[in-house]
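Okay, structure first, notes after.
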Amino acid sequence: MIKGILFDMDGVVADTEYLHYKSYIEALKPYGVFIEEQDYYDFWTTKGGRFTEYIKIHNLEAKGIEYEKIIKVKRELFKKFVNTEMVIDQKRITAIKLLAQNFPLALVTGSSTNQAKQILKLTNLTNCFKFIIGGEMHSKHKPDPECFLMASKKLNILPTNLVVIEDAQKGIIAAANGGMKSIAIPTKATKNDDFSLATKIVSHLSEITPEFLNKL
């Protein structure tokens, strides 16, 4: 029986994954470094890679790239792009508000808590979520289930009574690793991901209603 819902943010609550990509591109441009869009989605979105790993793999230190310096610039760019370019899906917002009336919701994301708060404020969804588990709050990242298990403990709901809503392979694997059910919503960036571990796959968040969840 589903008693609570854990939401991913980028790609589920809002279409912001491309804005992360664009922010990295702009931040790295002065160093002559370019990341192909599909490479970004494969490494970051699908597999859950981190920028610290990317720097080592591609020996970007040799180009004078320092993690903290780039991340600071990238976060400022992302904040700007969210304010000016984020497309708000009203149908998605309506669906989240309906679910919040029937279940406790938590936002569990690899992005920072501040980034999540900005997006929830712009989409008028702040009051729908009990709390946010941001990327800076956990040392392990999806597909490790640490962040979902933290949310389970904070909600005081057993993992088996939670459902995770994700758009990427790494999140679906993390849910399975944590003993939770999951619903995948593939996006343009993740349509080729392996969602075989998902409990259900839907094409839009609006398909996930209280009635739908009660049948899981």
Side-chain angles (χ1 to χ4, degrees), residues 6-88 106-123 125-126 129 131-151 154 166-171 173-174 187-190 192-193:
L6 307 183
F7 274 81
D8 179 40
M9 182 177 72
D10 301 300
V12 176
V13 173
D15 290 322
T16 47
E17 197 65 64
Y18 177 74
L19 301 182
H20 281 290
Y21 168 67
K22 184 175 179 179
S23 299
Y24 273 118
I25 291 300
E26 292 298 318
L28 293 170
K29 189 181 292 184
Y31 299 87
V33 174
F34 179 78
I35 304 170
E36 293 289 345
E37 188 172 353
Q38 193 56 53
D39 290 342
Y40 171 84
Y41 290 136
D42 288 344
F43 184 77
W44 269 270
T45 312
T46 297
K47 298 176 182 177
R50 313 303 295 177
F51 186 49
T52 49
E53 298 171 62
Y54 193 86
I55 289 173
K56 291 179 181 178
I57 291 170
H58 297 277
N59 192 29
L60 297 186
E61 296 99 330
K63 292 181 178 288
I65 289 177
E66 299 174 16
Y67 172 79
E68 291 295 341
K69 185 176 180 180
I70 296 297
I71 285 298
K72 183 178 180 180
V73 174
K74 183 262 178 182
R75 286 175 177 167
E76 287 302 313
L77 287 165
F78 181 76
K79 182 178 180 180
K80 181 185 75 171
F81 292 146
V82 166
N83 283 328
T84 58
E85 299 184 24
M86 185 177 74
V87 177
I88 296 176
L107 189 63
V108 185
T109 177
S111 294
S112 72
T113 300
N114 285 338
Q115 289 170 342
K117 286 180 177 179
Q118 179 190 9
I119 289 168
L120 292 185
K121 183 177 180 180
L122 289 172
T123 53
L125 290 171
T126 301
F129 292 89
F131 56 84
I132 299 168
I133 301 284
E136 76 283 359
M137 297 172 67
H138 44 96
S139 58
K140 300 175 183 177
H141 299 279
K142 307 169 190 175
D144 190 282
E146 182 185 50
C147 55
F148 290 145
L149 293 174
M150 287 174 65
K154 196 164 183 177
E166 274 277 356
D167 72 312
Q169 176 180 314
K170 64 183 178 185
I173 295 173
T187 65
K188 180 181 177 181
T190 63
N192 294 320
D193 282 16

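Numbers for residues simply follow the sequence, beginning at 1.
Side chains of Gln118 and Asn83: a donor on one and an acceptor on the other come within 3.5 Å.
Among residue pairs with one or both ends in residues 23-45, those qualifying as salt bridge (Lys or Arg N to Asp or Glu O under 4.0 Å) are Glu26-Lys29; sequence neighbours excluded.
Note that the CG atom of Asn192 and the CD atom of Gln38 stand 7.0 Å from one another [nearest 0.5 Å]. Here CE of Met137 is found 5.5 Å from OG1 of Thr113. Values are rounded to the nearest 0.5 Å. Taking CD1 from Ile71 and OG from Ser23, the interatomic distance works out to 10.0 Å, rounded to the nearest 0.5 Å. Interatomic distance, Thr109 OG1 to His141 NE2, rounded to the nearest 0.5 Å: 10.5 Å. The distance from the CG atom of Asp10 to the OG1 atom of Thr16 is 3.5 Å, given to the nearest 0.5 Å. Here the CD-OH distance, from Glu61 to Tyr67, works out to 13.0 Å after rounding to the nearest 0.5 Å.
Taking every heavy atom of both residues into account, Met9 and Ser111 meet most closely at CE-CB, 3.6 Å. Contact record, Ala14 with Met86: CB-SD, 3.9 Å, taken as the closest heavy-atom pair. The nearest pair of heavy atoms linking Ala174 to Pro145 is O-CB, 3.3 Å. Nearest heavy atoms, Leu60 versus Val33: CD2-CG2, 4.1 Å. Pairing each heavy atom of Val12 with each of Asp8, the nearest pair is CB-O, 3.4 Å. The shortest heavy-atom contact between Ile70 and Ala27 is CD1-O, 3.9 Å.
Checked against ring pair (Phe, Tyr, Trp, His ring centres under 6.0 Å), Tyr54 has the following partners two or more places apart in sequence or in another chain: Phe43, Trp44, His58. Checked against side chain to side chain contact (heavy atoms under 4.5 Å, CB included), Thr187 has the following partners two or more places apart in sequence or in another chain: Asp167, Ala189, Thr190. Every residue was checked against the salt bridge (Lys or Arg N to Asp or Glu O under 4.0 Å) condition with Glu76, not counting sequence neighbours, and none meets it. A search for side-chain hydrogen bond (donor to acceptor under 3.5 Å, both in side chains) contacts involving Lys170 returns nothing, not counting sequence neighbours. By the salt bridge (Lys or Arg N to Asp or Glu O under 4.0 Å) test, Asp144 pairs with no residue at all, sequence neighbours left out.
Here the side chains of Leu125 and Phe7 are not in contact, with every heavy-atom distance at 4.5 Å or above. Looking at heavy atoms from C-beta onward, Ile132 lies in side-chain contact with Leu120 at the 4.5 angstrom threshold. Two residues are said to be in side-chain contact when any heavy atoms from C-beta on lie closer than 4.5 Å; Lys69 and Lys72 fail this criterion.
The number of heavy atoms from other shown groups lying within 6.0 Å of CD (Glu136) is above 12.
Gln115 places no side-chain N or O within donor-acceptor distance of the main-chain N or O of Arg75, the cut-off being under 3.5 Å.
Partner Tyr40 forms a side chain to side chain donor-acceptor pair (under 3.5 Å) with one of Lys22, Glu17, His20 and no other, that one being Glu17.
Between Tyr21 and Phe34, the ring planes lie perpendicular to each other; the angle is over 60°, past the 30° to 60° tilted range.
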